Amino acid sequence: MATDVTVPTDLWEGDLEAVITNWLASDGQAVKQGALLAEIMVEKSQFEVTAPADGTLTITQAADAIVRKGDTIGRIG
Amino acid sequence: MLDQQTNERRLTIARAMAEAMAQEMRRDPSVFVMGEDIGPFGGIFGNTRGLIDEFGKDRVRDTPISETGFISAAVGAAMDGMRPVVELMFVDFFGVCFDAIYNQMAKNTYFSGGNSSVPMVLMTSTGGGYSDAGQHSQCLYGTFAHLPGMKVVSPSNAYDAKGLMTAAIREDNPVVYMYHKGLQGMGWLGTEPGATVHTPEEDYVVEIGKAKVVREGSDVTLVGLAMGVHNALKAADKLAEDGVSAEVVDLVSLVPLDRETVRASVAKTGRLIVVDEDYHSYGVTGEIIATVCEHDIGKLKAAPARVAFPDVPIPYARNMEQFCLPNADKIVAAYRAMQKAEG
Amino acid sequence: MKPTKDQLLWMYENMVLSRRFEEAIEKVYMEGKTPAFNMANGPIPGEMHLSNGQEPCAVGVCVHLTDEDIVTATHRPHHQAIAKGVDLRGMTAEIFGKSTGLSGGRGGHMHIFDADVNFSCSGIIGESCGPACGAALSRKMQGKPGVAVAFLGEGAANQGAFHEALNLAGVWKLPVVFVIEDNSWGISVPKSEATAVERNDVRAAGYGMPGHHIPGNDPEAIFDIAGQAIERARAGEGPTLIEIETYRLAGHFMGDAEQYRPEGEKDALFEKDPIPKMRARLLADGTATEAELDKIETAAGEKVEDAIGYARDSAPARDEDALTAVFV
């Protein structure tokens with residue numbers, strides 16, 4: 001069963017949009033739960049997105065994509 | 001294959017620097033970090049993020065805005081058995097504290113006849129491209145590399161950034177570690193994706209004083225460091241579209257300078273273009289060209305060229321700054337001009 | 001020293017002008033920077049250090065100055081420039097990187113130079129102090145009147161340049177006033193963790209000059225002390241050090257998440273915003289009427305709008321001009 005990689009909802013206040021600045025894992029890569037996957041930025045603050053499960057990463061939102069809290073940016077299957 | 005993929009971990013240069021410092025701090029209690037906003041803020045450019053949480057305020061010290069004071073203090077601490085890593089937030093700020101750097105840090109070993117050592121790292125941010133004007137955008141590679149007594153490195157990617165930081169901390173001599181803001185992976189400074197690469201978790205060193213051929217080619221050698229490497233790689237892609245095979249040399253270190261790797265590459269290609277974001281005159285570009293010319297000018301099929309920042313303070317207006325900065329198109333144009341001159 | 005009504009209204013006017021100006025700049029700065037905050041984008045790229053909250057320091061000092069007097073300013077220079085009478089259109093165009101800017105787009109917001117009113121600044125911390133001493137010395141040597149004021153932040157008072165300049169001013173009895181705007185933060189580092197003394201005015205004793213501390217970010221209290229210091233300098237009695245307790249309502253630079261601030265600090269600061277406070281005070285004691293103050297505010301808004309429009313409509317800096325003006 002695939003698990004969505006989503007933008008955490010508790011990293012910053014308000015409903016500001018964020019940008020994915022760096023994917024720190026590659027599409028198709030095997031990842032372990034808790035591994036650092038991506039950095040996202042709101043204004044000048046950077047936040048981390050980690051892997052919610054073990055499995056193979058599929059990136060659905062590339063670097064530079066604009067995202068909101070709760071958005072799905074990848075999948076682990 | 002799967003294992004290899006599992007092991008792949010890409011880091012930004014900012015993270016790679018912090019990881020190397022953390023590992024060395026775990027390994028060696030004499031290592032400590034100090035500078036402005038390097039504590040809870042994590043460094044203006046993200047390179048000390050997380051260190052204060054693990055090592056506390058004693059070993060990760062926010063300093064007053066007193067560069068002469070704390071860089072001199074690092075010199076004294078280094079000579080007394082510690083291994084400080086100090087940050088000069090922008091290299092442009094060297095003006096307020098250069099005595100500590102080039103008269104103390106760089107000369108104490110020599111003046112002690114080699115009886116004292118100054119094992120410290122001075123890390124400092126370089127580079128422009130985001131309209132911060134001439135007191136916050138310089139590279140000054142040539143300025144530091146010119147003065148004897150300090151090793152000088154500048155990584156172009158996270159793998160080298162980590163290995164160079166580890167090597168710099170373990171080095172018994174002072175190392176000036178110059179990191180380019182545009183490569184840090186901080187989105188607000190723009191992000192050069194090519195700098196964020198696979199970086200092993202275990203500690204390792206990248207040898208100081210060893211250049212790397214990062215792309216092989218046969219028609220022309222493009223030499224650069226830090227952001228210049230990425231400009232050269234992009235130029236090499238463009239040249240390849242026209243069937244020109246460019247070799248790209250990443251200097252990695254300026255002191256010691258790996259002249260052999262440069263000469264070997266030019267011996268193969270016969271043509272040399274040096275790329276540098278520092279000022280045109282009296283700098284890295286002239287040094288590299290001299291390195292080749294004074295050795296064996298007969299290997300050159302064309303006069304060498306340089307693509308560097310013109311000899312003016314870095315202007316603020318974006319179009320003015322971009323007009324001055326090196327880029328891939330300027331490198332390609334330099335090659336075309338070279339071809340034309342050859343006839 | 002007590003300000004006249006005209007002086008009070010001048011101070012209010014310039015505080016409002018500075019605030020409106022920065023509100024406008026803030027808005028334009030964010031153009032092209034949301035949601036992806038890349039400093040290089042938008043009509044105003046680069047770093048942006050706002051001074052809102054610190055206006056009283058600039059107006060309370062500069063109200064005593066003429067165009068002939070000298071001000072050396074900092075990386076956070078807008079309020080100081082406005083209070084010194086720097087050409088607003090030229091400064092705005094400079095911040096937009098336009099050919100009509102004070103420096104033709106070469107300097108930007110941290111490098112505002114207006115020779116007509118003897119204003120200059122530096123993006124390097126502490127570097128306002130030495131040049132102010134030199135300007136003061138020059139006036140003394142030339143037998144010309146004039147006082148130099150160096151503005152700096154409390155963080156800069158830990159720089160060698162500050163201490164060397166103060167000693168120079170003290171030993172040569174120069175007509176210079178050092179004004180520290182203490183906003184309690186050097187980027188993320190609180191004054192208490194960076195400065196060995198609680199108040200910088202005590203450092204004046206080490207350099208043979210009087211030191212004053214002004215609490216409360218109060219324009220009238222600043223008027224009083226700064227007036228005395230400038231008078232003293234004009235009379236040839238030498239330098240003075242003043243530290244003003246002020247508030248930075250914005251971050252260190254635009255985009256600063258300000259996570260280092262203790263919870264609630266920002267709200268408390270906004271409650272102490274000096275502009276509504278002064279307005280209330282001017283009305284309460286009958287110094288001015290609502291209509292008078294409204295007129296000042298409207299005029300300030302129009303002036304800012306004009307300057308922003310001028311900057312937007314101006315031709316961009318010319319690429320090739322990057323290579324000129326290195327030498328005269």
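All values derive from a computational prediction rather than experimental measurement. A, B, ... follow the sequence lines: proteins, then strands. Residue 1 opens every chain.
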Quick one: of C:Ala156, C:Ala36, C:Ser122, who has the most non-hydrogen atom pairs under 4.5 Å with chain B? C:Ser122

Could you tell me which portion of C:Met39 (side chain, backbone, both or neither) has an atom closer than 4.5 angstrom to a non-hydrogen atom of chain B? both

Taken to the nearest 0.5 Å, the spacing of C:Ile44 CD1 from B:Arg318 CZ works out to 11.5 Å

Contact origin within C:Glu47 toward chain B - heavy atom pairs under 4.5 Å: both

Minimum heavy-atom distance C:Leu323-B:Cys324, with the two atoms named: CD2-SG, 4.3 Å

Heavy-atom count around C:Glu320 CD within 6.0 Å, excluding the residue itself: above 12? yes

One option among C:Ala157, C:Gly107, C:Ser103, C:Gly160 has the most heavy-atom pairs under 4.5 Å with chain B, and it is C:Gly107

Where C:Gly123 and B:Gln135 come nearest, the two heavy atoms and their spacing: N-OE1, 2.6 Å

Could you measure the distance from the CH2 atom of B:Trp188 to the CE atom of C:Met254? Nearest 0.5 Å is fine. 13.5 Å

Under 3.5 Å: donor-acceptor pair, side chain of C:Arg106, backbone of B:Tyr316: no

Heavy atoms from other residues, nucleotides or ligands near NE2 of B:His146 exceed 12 (cutoff 6.0 Å): no

Report yes if some heavy atom in the side chain of C:Asp321 is under 4.5 Å from a heavy atom in the side chain of B:Phe323; otherwise report no. no

Greatest number of non-hydrogen atom pairs under 4.5 angstrom with chain B, of C:Asn158, C:Thr195, C:Asn38, C:Asp319, falls to C:Asp319

Any salt bridge linking C:Glu193 with B:Lys57? Criterion: basic side-chain nitrogen under 4.0 Å from a carboxylate oxygen. yes

If we ignore angles and hydrogens, is there a donor and acceptor under 3.5 Å between the side chains of B:Glu67 and C:Gln159? yes

Picking from B:Asn319, B:Val312, B:Asp311, which has the most non-hydrogen pairs under 4.5 angstrom with chain C? B:Asn319

Does a side chain donor of either B:Asp37 or C:Ser188 reach within less than 3.5 Å of an acceptor in the other side chain? yes

Winner by heavy-atom pair count (cut-off under 4.5 Å) against chain C, out of B:Thr68, B:Val96, B:Ile44, B:Asp92: B:Val96

Quick one: does C:Met110's side chain get under 4.5 Å of B:His136's, heavy atoms only? yes

Relative to chain B, which segment of C:Ala317 carries a heavy atom at a distance below 4.5 Å: side chain, backbone, both, or neither? both

Smallest separation among heavy atoms of C:Ala322 and B:Pro315, with atom names: CB-CG, 4.0 Å

Heavy-atom proximity to chain B below 4.5 Å, by part of C:Phe37: both

Between C:Ile95, C:Val189, C:Val326, C:Ile187, which has the largest tally of heavy atom pairs under 4.5 Å with chain B? C:Ile187

Working to the nearest 0.5 angstrom, can you tell me the gap between B:Ser66 OG and C:Ile125 CD1? 11.0 Å

Measure distances from B:Pro40 to the heavy atoms of chain C and classify the residue's part below 4.5 Å as side chain, backbone, both or neither. neither

